[in-house]
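Read the numbers this way: they start at 1 and go in the same order the structure lists the ligands and their atoms.
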Amino acid sequence: MRNSPAASKAKSSLLPTLARRKYSAAVVGLGYWGPNLARNLSASDDFDLTALVDIDERRRDKVGSLYPAAGRFSSLAEALKDRPIDLVCVATPVSSHASLAEIALNAGANVLVEKPLAKTTAEARALLELSVKVKRKVFVDHTFLYTGAVRELKRHLDSGALGKLLYIDSVRINLGLFQPDVDVVWDLAPHDLAILHHLMGRGPKSVRTMGSCHTPKAGTDAAMADVAYLHLDYGDDVTAHLHLSWLSPVKVRRMIVAGEKQSIIYDDLEPAEKIKIYDHGVSFQIPDDDEARRRLLVSYRKGDMRAPNISLAEAISTELADIASELRGGPTAVASGADGFAIVRVLEAASRSASAGGSKIEVEEA
Ligand SMILES: NC(=O)c1ccc[n+]([C@@H]2O[C@H](COP(=O)([O-])OP(=O)(O)OC[C@H]3O[C@@H](n4cnc5c(N)ncnc54)[C@H](O)[C@@H]3O)[C@@H](O)[C@H]2O)c1
């Protein structure tokens with residue numbers, strides 16, 4: 001039997017309401033980054049911020065006072081007791097990511113884990129396996145992938161306008177913040193590695209890391225570096241170089257994405273013109289005759305520079321909408337657990353290289 005037009009109309013007007021039920025969400029870890037997640041969850045059309053968790057009572061109270069409707073808890077297990085939570089956001093130090101995410105998954109919640117997903121590939125793999133077993137999702141907060149700048153970079157690269165990708169060079173340096181349980185590579189490189197993985201659709205084949213440590217606590221162990229240089233080989237003649245530091249007097253967030261036809265400079269500290277596309281390039285000619293062949297003929301092309309208009313919407317809010325869409329049965333979110341795992345693999349290889357004085361370490365296929 002066919003529905004009457006009136007019945008169809010009533011049904012279709014109900015559908016968006018049903019489809020857009022709000023998911024309950026908790027934030028664990030209310031230090032520097034967690035409050036950003038709490039603020040975006042509380043402003044979201046997709047989530048209700050229902051629980052705030054921190055072992056530190058002062059942080060609980062400080063953030064809790066901004067969101068009086070959310071319960072305050074000193075442990076995740078307590079927050080999950082007797083109340084269903086759809087999404088647990090883990091924003092604690094890296095060494096506790098895997099154990100907290102495991103508690104959340106076992107309680108039937110999905111998880112959004114801060115970068116990096118875990119401290120080892122074994123932990124990251126176990127989390128993904130558990131998520132399959134309990135039929136819940138793991139997301140990783142690779143925040144930059146949701147910025148207007150990185151979205152524009154990706155769009156431009158995919159359009160082919162850059163020509164063949166040649167190399168990527170990134171500088172991510174500032175004074176601190178020193179982390180208690182990871183070095184500068186595990187703290188800052190996840191941003192660049194996630195951006196590169198997103199742009200190229202693949203991870204590096206190998207990595208070399210030169211790291212140095214200047215803090216008395218960690219001695220001179222290069223594995224606890226506060227300054228590091230990563231050289232990554234992505235195959236197909238594409239290399240990337242990352243300069244990471246907690247010991248720079250000034251903050252720099254600048255990436256060069258160089259192509260045969262065009263190059264892009266992405267400066268995240270620019271207020272509006274974060275992406276600048278340079279219509280510059282170099283072409284090489286090898287002359288036919290033997291005499292001239294010794295001289296490589298280089299011609300330089302210098303065209304215009306343009307700064308496209310990019311969205312300045314806050315990345316976390318776009319990310320939460322993407323996650324909610326996947327929870328509702330939509331496509332896999334950009335912040336996928338699988339990519340989080342791939343990044344941890346590279347970080348582990350980078351640390352092995354640093355410990356081996358910069359030796360080339362192959363990154364196995366994730
Ligand atoms: N996505 C980003 O751009 C971005 C930026 C900064 C930090 N981060 C990530 O966020 C995470 C936290 O970094 P931060 O700088 O906010 O650290 P932080 O030290 O400022 O805060 C961590 C908080 O977690 C709490 N905590 C620790 N163990 C806990 C536990 N078992 N249960 C409940 N609470 C616990 C601490 O009391 C503290 O309040 C790290 O993984 C970091 O890599 C991500």
Where is the nearest protein heavy atom to atom 20 (O) of ligand 1: which residue, which atom, and how far?
Y32 N, 2.9 Å

Just need the protein heavy atom nearest to atom 42 (C) of ligand 1, so name the residue and atom and give the distance.
K115 O, 3.9 Å

Is any NZ, NE, NH1 or NH2 atom of the basic residue among R301 and D279 found under 4.0 Å from an Asp or Glu carboxylate oxygen of the other?
yes

The option among H142, H97, K119, E114 carrying the non-hydrogen atom nearest to atom 10 (O) of ligand 1 is E114

Using 4.0 Å as the upper bound for N to carboxylate O, is an ion pair formed by R155 and E152?
yes

Working for salt bridge (charged side-chain N to carboxylate O under 4.0 Å, His left out), residues R328 and D46
CA-CA 10 Å; R328 288 198 192 95; D46 299 305; 2.7 Å; yes

Shortest non-hydrogen contact between L49 and A38, atoms and distance
CD2-O, 3.7 Å

Does an N or O anywhere in S74 fall below 3.5 Å from an N or O of ligand 1?
no

Options T92, L188, L100, ranked by nearest heavy atom to atom 40 (C) of ligand 1, top entry:
T92

Are M255 and D169 side-chain neighbours, meaning at least one heavy-atom pair lies under 4.5 Å?
no

Tell me which one of W33, F144, F73 gets a heavy atom nearest to atom 7 (C) of ligand 1.
W33

Is there at least one pair of N or O atoms, one from S96 and one from ligand 1, spaced under 3.5 Å apart?
no

Do NZ/NE/NH1/NH2 and the carboxylate oxygens of R172 and D192 come within less than 4.0 Å?
yes

Distance under 4.0 Å to a non-hydrogen atom of A91: what atoms of ligand 1 satisfy this?
11 (C), 12 (C), 22 (C)

For atom 37 (O) of ligand 1, tell me which residue out of D54, D141, D56, V90 has the closest non-hydrogen atom.
D54

To the nearest 0.1 Å, how far is atom 19 (O) of ligand 1 from its closest protein heavy atom, and which atom is that?
R59 NH1, 4.3 Å

Can you sort out which atoms of ligand 1 are near V28, meaning under 4.0 Å from one of its heavy atoms?
32 (N), 33 (C)

When you measure from atom 21 (O) of ligand 1 to every protein heavy atom, which one gives the shortest distance, and what is it?
G31 CA, 3.3 Å

Residue, atom name and distance, where the atom is the protein heavy atom closest to atom 24 (O) of ligand 1
G29 CA, 3.4 Å

For atom 28 (N) of ligand 1, find the nearest protein heavy atom and state the residue, atom name and distance (0.1 Å precision).
I55 CD1, 3.7 Å

Check this for me: does any side-chain nitrogen of one of D187 and K115 sit under 4.0 Å from a carboxylate oxygen of the other?
yes

Y167 (side chain) donor-acceptor with D237 (main chain) under 3.5 angstrom:
no

Look at R60 together with D56 and state whether they make a salt bridge at an N to O cut-off of under 4.0 Å.
no

Electrostatic pair D48:K22 at N-O distance under 4.0 angstrom
yes

Looking only at protein heavy atoms, identify the closest one to atom 1 (N) of ligand 1 and say how far it is in Å.
T143 OG1, 2.7 Å

Please list, in number order, the atoms of ligand 1 under 4.0 Å from a heavy atom of H191.
2 (C), 3 (O)

Sub-4.0 Å atoms of ligand 1 with respect to non-hydrogen atoms of P93
22 (C), 24 (O), 27 (C)

Can you name the nearest heavy-atom pair linking R151 to L145, along with the distance?
CG-O, 3.8 Å

